[in-house]
Amino acid sequence: LATAIGTLAAVTTTTTTLVVTAATLRDNGFENELSSDEKIFVEVGDAVQHVGQRVAMVLAATKAKAEADARLVAVDIVTSSSSSKKVVTSIDGAIAAESFFPKESSTTTLRVGDAELAFADPGAVLVSGSAECGHQYHFHLETQTCLAQPNDQGGVTVTVSTQAPATVAEKVAAVLKVPTSAVEAKMDRAGGAYGGKVSRSVPGACAAACALKIFGGSAVSIAMPLNDNVASLGSRRPHKMDFKAACDPSTLKITAVAGQSYALQGCASDFGSMTDALDVAMNIDGPYKVPNWSLDGKCCRTDTPANTFCRGPIFLPAHLMIETVVEAVAAKLGVEAQAVRDANVYTKNDVSLDGTLLDECTLGTCLAECKRRAKFDLLKKEVALFNSKNRYVKRGVAVSPIKYGMSAATGYAATVSIRSDGSVLVRHSGCEMGQGLNVKQAQVAAMTLGCPLSNVVVDGVTSKISTAPTGGSTTSEGNAASVRLACEKLGEKLEPFLLSQDQEEEAPPGEEELGGGAAKAKKESEEKEQWADAVRKCFGSGVVDLTASATYLGEAKEPGILPGATGNFEQYQCYGAACSLVEYDALSGEPPTILKTELVTDQGTSMNPNLDAGQAQGAFVMGLGYVTSEEFVWRDDGTLLTNGTWEYKVPSSQDIPVNFDVTFLRNTPNDRGIFSSKAVGEPAILAAASVLSAIRHAVLALRKDEGLDPAFDLPAPATPAAI
């Protein structure tokens, strides 16, 4: 990896180990370009765009040997000592240097209502401030890994940890100059991803595939060290918004928000997908109804790696920024922030900023249930009493509502095969990354076919089937819909051979009470044998084609199961609320302790409550790291100092809430969701804003005791230094 920013002059080595550079690819007839602004390796004579950029790859018989020999590769980078240009690593640096991506093909403005008229209202109270949130590394425990092997089509099979097998296959084929059909990208599961393995899994796969072809077809494996993974492959996009807001002091309603928004993209566009100057345009309202908007956006180009998608992209920074506006309004009016939240939160039949009619809005129900379960009113009194008795240790409590729009879950292909022994093989388009995707597909197959769950095996994913990336929290739903359709086709063939309910033998009276678990096991064994017998009869009758494929495209099939795509900008909304209580010791300056978090979400009818509860907790904790501890620190020369676990701090067992409860609303089926469910992987990450607000309130208590201004900016992450 490059160790400086400048011009690449040469790459040399003192080892006999094989070294692959851009010149090696070119000499063997391969492409080096991945997109218009990103290459596999920097070419000699080209500019090095950031410290950590890929320059060469070292091949050896073992991983340890390769890593050792990589240290023997000399990378000569010419820097201009006379240049007055500073290395740009931050939004403020980009603003000072006027370093932005072009505005073409980008959303740059948001104009809704008449913000200027609202600001001109003589009765309005005006407030200004700045909201800022930083980088976040994906921190998947498995770094970028791949294994390239030759296949019989003259191409390559790449086993890769990815969210986008089809994208990997297409890029590898383009680099090798072979048909996409000659390349297969496959995986069984990834050790975490969070958006970091959509496009960022491509460079390593392409490099491995080229090395495979160059050096005689021997398999090539890559597993990037954590420090290199962090330094070279980007993160969540940082955002900043300098804002002005108008509010009605009599109703606490926010009547307008205006300002300038910035997003930091890095040195490249992430294959052209991440240069939108005002990416938060349709989500900056969060859970709050604000009628008038006037925002302008710029996308910052910096001397840092290209940033990419990360869990809750766009929604999380937008949510944190509008929450900062709410807190600033409350401070200006001298009222509790919760009063401002309650006055502005969306209600049923409101229309959101993107034009969606919120006719199924459960925000009020989520807020009420969250406050009830957390005993919020009592907590406020206890916090006030605690703070009155303690000068330097303060507590803060806050409730944050959340709204997260979901797109239609369509376009995922699935194939289901029933084998002669009654086992069922499911192949679908989603990538299992620890979110429980495969479990839900097995559940749907078993429920639809009427077979035991233990009979269902879910295969790994391959680019031969998968065409859409796994992301956006819709993949479980979309694949479940396609699995359902495929199983229904098979069910039609099996129906004549399946026992009807009235033919099933009832258990003798009292048998259920005998042995408990033994009776249950006996029943399961009988059901399994009945299923296997029906399959044998089906095959025996001459029906041997028990394989079906389907792709759900949004057609309305079954109310409550496959309701059909609405055609709206967003298919439905996810709602929730979280209450968090924190304690901060100003004398020690240590990170605040999160004493309690009560999280309530509307999951519709959960497809698997155990999995979904874990996903909601995991999303919250990832958001917790983002707003409290995870920070990128750069040296003046562009070197990332926080590129490993010693310096970059994700939440540990001592950082999560001491008391942490998750509750799903009851009896709220989602009539626009597949199987009446709602997405779960990302929405709850927004709930971590409750922790940031609670920290702000604890700091506010300290400032009041010291006679300081109650209005202040607290960026995310609120590290001990920032506090």
Side-chain angles (χ1 to χ4, degrees), residues 103 105-131 133 239-249 251-263 275-299 312-330 332 340-361 363 401-407 566-575 686 689:
K103 293 184 177 181
S105 302
S106 171
T107 303
T108 59
T109 61
L110 173 66
R111 301 288 185 267
V112 175
D114 192 336
E116 289 306 315
L117 183 62
F119 288 124
D121 182 350
V125 173
L126 306 184
V127 59
S128 60
S130 182
C133 46
H239 285 74
K240 180 178 182 178
M241 182 174 71
D242 297 321
F243 65 86
K244 179 173 70 171
C247 58
D248 182 340
T251 64
L252 305 185
K253 296 281 189 182
I254 300 172
T255 57
V257 175
Q260 179 73 52
S261 175
Y262 302 92
T275 58
D276 203 336
L278 194 58
D279 55 353
V280 298
M282 291 295 99
N283 306 107
I284 189 63
D285 57 336
Y288 303 113
K289 183 180 181 180
V290 179
N292 303 293
W293 292 87
S294 178
L295 291 180
D296 295 291
K298 292 184 178 181
C299 185
I314 302 175
F315 286 92
L316 180 55
H319 184 75
L320 293 175
M321 290 192 287
I322 190 61
E323 283 286 9
T324 300
V325 173
V326 168
E327 292 281 351
V329 167
K332 183 73 172 183
V340 178
R341 290 190 174 94
D342 292 343
N344 289 276
V345 73
Y346 276 118
T347 59
K348 189 173 182 178
N349 292 324
D350 282 337
V351 177
S352 67
L353 187 58
D354 61 27
T356 300
L357 176 65
L358 306 179
D359 56 348
E360 79 318 342
C361 181
L363 258 177
I402 61 174
K403 176 177 73 70
Y404 197 109
M406 300 307 305
S407 57
T566 63
N568 296 332
F569 181 74
E570 291 170 337
Q571 176 74 2
Y572 62 83
Q573 304 287 327
C574 295
Y575 300 105
L686 309 188

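Everything quoted here is computed from the prediction, not taken from an experiment.
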List for me each residue that meets side chain to side chain donor-acceptor pair (under 3.5 Å) alongside [X], sequence neighbours excluded, and say none if there are none.
X: S130; answer: D242
X: D279; answer: H239
X: K403; answer: none
X: N344; answer: none

**Prompt:** For T566 and Q571, does a side-chain donor sit closer than 3.5 Å to a side-chain acceptor?
**Reply:** yes
Rounded to the nearest 0.5 Å, what's the gap from [atom1] on [X] to [atom2] on [Y]? Could you check?
X: L686; Y: I322; atom1: CG; atom2: CD1; answer: 13.0 Å
X: D276; Y: I314; atom1: CG; atom2: CD1; answer: 7.0 Å
X: Y262; Y: M241; atom1: OH; atom2: CE; answer: 12.0 Å
X: S352; Y: N568; atom1: OG; atom2: CG; answer: 9.5 Å
X: C133; Y: L316; atom1: SG; atom2: CG; answer: 6.5 Å

Excluding sequence neighbours, so at least two apart, what forms salt bridge (Lys or Arg N to Asp or Glu O under 4.0 Å) with [X]?
X: D350; result: K289
X: D296; result: R111
X: D342; result: K371

Close side-chain approach of [X] to [Y], heavy-atom, < 4.5 Å:
X: M406; Y: C574; result: yes
X: K298; Y: Q260; result: yes
X: Y575; Y: I402; result: no
X: L295; Y: L278; result: yes
X: V290; Y: D285; result: no
X: P401; Y: V345; result: yes

By ring pair (Phe, Tyr, Trp, His ring centres under 6.0 Å), Y404 pairs with (sequence neighbours left out) F315
Nearest heavy atoms of [X] and [Y], plus distance in Å:
X: C361; Y: Y346; value: SG-O, 3.8 Å
X: V340; Y: L252; value: CG1-O, 4.1 Å
X: M321; Y: V280; value: CE-CG1, 4.1 Å
X: L353; Y: I284; value: CD2-CG2, 3.5 Å
X: S294; Y: A115; value: CB-CB, 3.8 Å
X: T356; Y: Q573; value: CG2-NE2, 4.0 Å

For A118, the side-chain contact (heavy atoms from CB on, under 4.5 Å) test, sequence neighbours excluded, returns T255, A256, N292
Sorted by chain and number, sequence neighbours left out, side-chain contact (heavy atoms from CB on, under 4.5 Å) with P291 holds for none
* Please lay out, stage by stage, how L358 and N349 fare under the test side chain to side chain contact (heavy atoms under 4.5 Å, CB included). => CA-CA 5 Å; L358 306 179; N349 292 324; over 6 Å; no
In short, side chain to side chain donor-acceptor pair (under 3.5 Å) pairs touching residues 113-123 with sequence neighbours left out are none
So the side chain to side chain donor-acceptor pair (under 3.5 Å) pairs with at least one residue in residues 312-330 (sequence neighbours excluded) are Y288-E323, H319-S400, E323-R341, E323-S400, E327-R341, E327-S693, E327-H697
